[in-house]
Amino acid sequence: MTIASVIVDVPAKQTDRPFDYVIPAHLVEVIKPGMRVIVPFGPRKIQGFVIAVKPESDFGKLKELIEPMDITPILNQELLALGEWLTYETLCYKISAFQVMLPAALKAKYEKKLKLTADVTNLPAEIRTVFGADDMIPWEEAVKLGCLNLMQREVANGKVEIIYEVKERVRKKKLKHIISRLTKQQLAAEKENLPVQAVKQKEVIDFFLDAEAPVELRKLLSELGISASTIKGLVQKGFLEEKEMEVYRDPFEERVFSHTEALPLTEDQEKAIMPILASIREHNHETFLLYGVTGSGKTEIYLQSIQKVLQEGKEAIVLVPEISLTPQMVKRFKGRFGNEVAVLHSGLSAGEKYDEWRKIQKKEVKVVVGARSAIFAPFENLGIIIIDEEHETSYKQEDNPKYHARNVAIKRGTTHQCPVVLGSATPSLESFARAQKGVYTLLSMPNRMNNQALPGVEIIDMREELREGNRSMFSRLLLEKIEDRLEKKEQIVLFLNKRGHSSFVMCRDCGYVVNCPNCDISLTYHRASQRMKCHYCGYEAHVPKSCPECNSEHIRYFGTGTQKVEEELVKILPHAKVIRMDVDTTSRKGSHEKLLDQFQEGHADILLGTQMIAKGLDFPNITLVGVLSADTMLHLPDFRSSEKTFQLLTQVSGRAGRHEKEGQVVIQTYTPEHYSVELAGEQDFDRFYEKEMMVRKIHRYPPFYYLSLITVSHEELMKTVSITEKITSFIRSRLSNEAICLGPVASPIPRINNRYRYQCLIKYKREPELNTALKKILDQYQQEISLGGLQISVDVNPFILM
DNA sequence: AGCACGCCGACT
DNA sequence: GTCGGCGTGCTC
């Protein structure tokens, strides 16, 4: 007998193990490890992944596997093993690990239906009417009509049966194509036989005398300017044939990427690329930290390294933060490698993502450029993995499996014996420390290409401005410079970091802040709907007209949004043309690109925006960058807040003066003395690194210590506290003296959606037993978790400590 | 996660 | 008596 070991699509502790199924005789040759299959599970049918095929099973009463969902395995041996590794590293379920490696389109969709059986004797009239003319209805319809009990009885009587179906989420896109059924000679002969008046038909035959491959019907029609009936005629005569053929949804259809050639490298670049090329050539794994200031030409290094990899007949993965995966970026890769490139990012529809992914799987492309999840691209012959802006926190997935793309990259780099290149102008402290220790190889590019000077930065103390009577959000210097650039017809970028300082509403008399009744967090004011919203549970409320505490009518809106800045700008500088870029103005597909194009073409003077304009903008006419308030994220309860502030300010400053014209940066802040602001002003990463390393050392944070965070949540406060207490003391008993276990303490957000949250933070250097201990905790509380009362989340190397 | 099974209180 | 509420335990 041939048995398949299957991981079923049920994300729960109890089902997080293989289930064995007999492979029916006619499928024995077909079923391979890595395939998705449909299996019976209890009364249902569900999707599963075959992880092994073996001759026997320990289990007595096996069921038969129903059918495969793939023709060839969708996960190769490497990815199957990578899934196991992910499960171990992030303490997630096996099924979640497999699913995260695949495009969402491949996740199964389940349907439940009611079907009349052949036995229609004595069928109650009500049942008849519910079914109507059909013999099958969706389960939901019976629920809606409230006749479930009725149905259940008939199921027992054998008149109705419950059907479980597993469906694909996305169909392969198919379009009508026309192909010739005759040889060219035959076609030519038939053309002669056609009546004289069949002008159009003859034209079509001419076309097919030239054409090699099948042609899309739609394209054929528009190209020849004919109607469908012409084709129909020829099809009826048997000359041509209509065929449904699979096509890719192409998000870049009708776009031409002009080809670019490798650029000559600067001395810095030459020095940096050598070790990478050597690693490619010698097929050995090495992790490089490419530390190059903004404008030092990191992308060209990526491009030329990839070129080398392609010459070796291998493939490349390039990870880019979602936010900078702009058309500009895509253009650079498509320009160099043309059709060899697949692009994976969140702007694509599920179908488009699936199609791009399939190009990788079918080996039709050799390079993938994408966000975090592209690290799982199913290449089998990887030659290089590049992570651009490696310090970006978006490389860490915040929901299960809580993996970091950098770690996955290094894992895959080891398996494939290929280099991993981490690039940044402001490396994460973790990576830089590793480079200093020699774990990674440091490659520095301290100079900008063409040796342009880094932009001059001025830091403005906004408290000073306030003291001198300037209550606006623009300092006098910034305003002066803006006016100057407007006059010179040069462009300005204004940056506002709204994140971390959302607009809240406060009473000016008593300080009352409107909070969410379900979560211990202030409500955010939404201008568009004129309502207050909770970002965590979705609760909504009206804006109070007077203070609920003291009845004062002095309600004030805090936190400056881009909209408010825009209004202000219009007031102060009525002639300036402003383009605003934030989530609201870029939500529509393609609007991001459109706005940038407008700005590039000079249709506006000022580009005002959030996070999303901090990266990748490279326009020659930008000579002034203003940061409206540098310290909005500095005071978050996050040990990385200084690092993030420094990175963001450096990043934004890099937008100015990238070409001939000299750039200037004005940073407004309420804490100019803070080292992350000050050193960002001097663009001095090395000193920032030193300073921040000291702080991390004193407080025992990464990179000196690893972190793991356990968050417990429950509806009852007492229960939450007592369970966290037990967990904490258990963990403590399993740790060495070197490790520190902080807790139990309330989470920074102590209540979300009426669930109390407590946590335990573990700081450690080397704890080989920790993983086992954490697993044990999840096992221990398994029942209480599955009953729904308790939630325990474990985050190994967390990025958000909330 | 679903789903069946089973045991108890509230009704026709 | 039976309908339907939810706790319990299993799924190859």
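As the structure is a computational prediction, the values presented were derived from the model and not from experiment. Chain letters run A, B, ... following the sequence lines, proteins first, then strands; residues in each count from 1.
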Worksheet item: Is A:Pro40 touching bases, backbone alone, or none of the nucleic acid, heavy atoms closer than 4.0 Å?
Response: sugar-phosphate

Worksheet item: Do the side-chain N or O atoms of A:Lys112 get closer than 4.0 angstrom to the phosphate oxygens (OP1, OP2) of B:dG2?
Response: no

Discussion item. Would you say that more than 12 heavy atoms from the other residues, nucleotides or ligands in this model lie under 6.0 Å from the CD of A:Glu715, or not?
Written reply: no

Worksheet item: Heavy atoms under 4.0 Å, any strand shown: does A:Asp9 hit a base, just sugar-phosphate, or nothing?
Response: nothing

Discussion item. Evaluate A:Arg640 against A:Glu430 for salt bridge (Lys or Arg N to Asp or Glu O under 4.0 Å), listing each step before the verdict.
Written reply: CA-CA 11 Å; A:Arg640 276 185 246 260; A:Glu430 280 96 329; 2.5 Å; yes

Item to complete: Please work out which of the three classes, parallel, tilted or perpendicular, describes the rings of A:Phe799 and A:His404, given edges at 30° and 60°.
Response: tilted

Worksheet entry | A:Arg732 to A:Phe730, cation-pi by 6.0 Å centre distance and 45° axis angle | no

Worksheet entry | Pairs satisfying ring pair (Phe, Tyr, Trp, His ring centres under 6.0 Å), at least one member in residues 85-124 of chain A, at least two apart | A:Phe49-A:Phe98

Discussion item. More than 12 heavy atoms of other residues, nucleotides or ligands under 6.0 Å from OH of A:Tyr164: yes or no?
Written reply: yes

Worksheet item: For A:Ile785 and B:dG2, what is the distance between atoms CD1 and C1' respectively, to the nearest whole Å?
Response: 18 Å

Worksheet item: Using a cut-off of 4.0 Å on non-hydrogen atoms, how would the nucleic acid contact of A:Arg153 be classed: base, sugar-phosphate, or nothing?
Response: nothing

Worksheet entry | Separation of atom CG in A:Asp16 from atom P in B:dG2, rounded to whole Å | 16 Å

Worksheet item: What integer distance in Å separates A:Leu148:CG from B:dA4:C1'?
Response: 15 Å

Fill in: NZ or CZ of A:Arg358 within 45° of A:Tyr354 ring axis and under 6.0 Å
yes

Fill in: Polar side-chain atom of A:Arg36 near backbone of A:Gln47 as donor-acceptor pair, under 3.5 Å
no

Discussion item. Just to be sure I understand the geometry, which residues of residues 41-50 of chain A put a non-hydrogen atom under 4.0 Å away from DNA chain B?
Written reply: A:Pro43, A:Arg44

Worksheet entry | Span of DNA chain C in contact with chain A (heavy atoms, under 4.0 Å) | C:dG4 to C:dC12

Item to complete: Determine, stepwise, if the pair A:Glu111 / A:Lys113 fulfils salt bridge (Lys or Arg N to Asp or Glu O under 4.0 Å).
Response: CA-CA 7 Å; A:Glu111 276 173 27; A:Lys113 289 173 181 169; 3.6 Å; yes

Discussion item. So A:Tyr93, base contact, sugar-phosphate only, or nothing? Heavy-atom distance under 4.0 Å.
Written reply: nothing

Worksheet entry | Protein-nucleotide distance (A:Ile162, atom CD1; B:dC3, atom P), rounded to Å | 8 Å

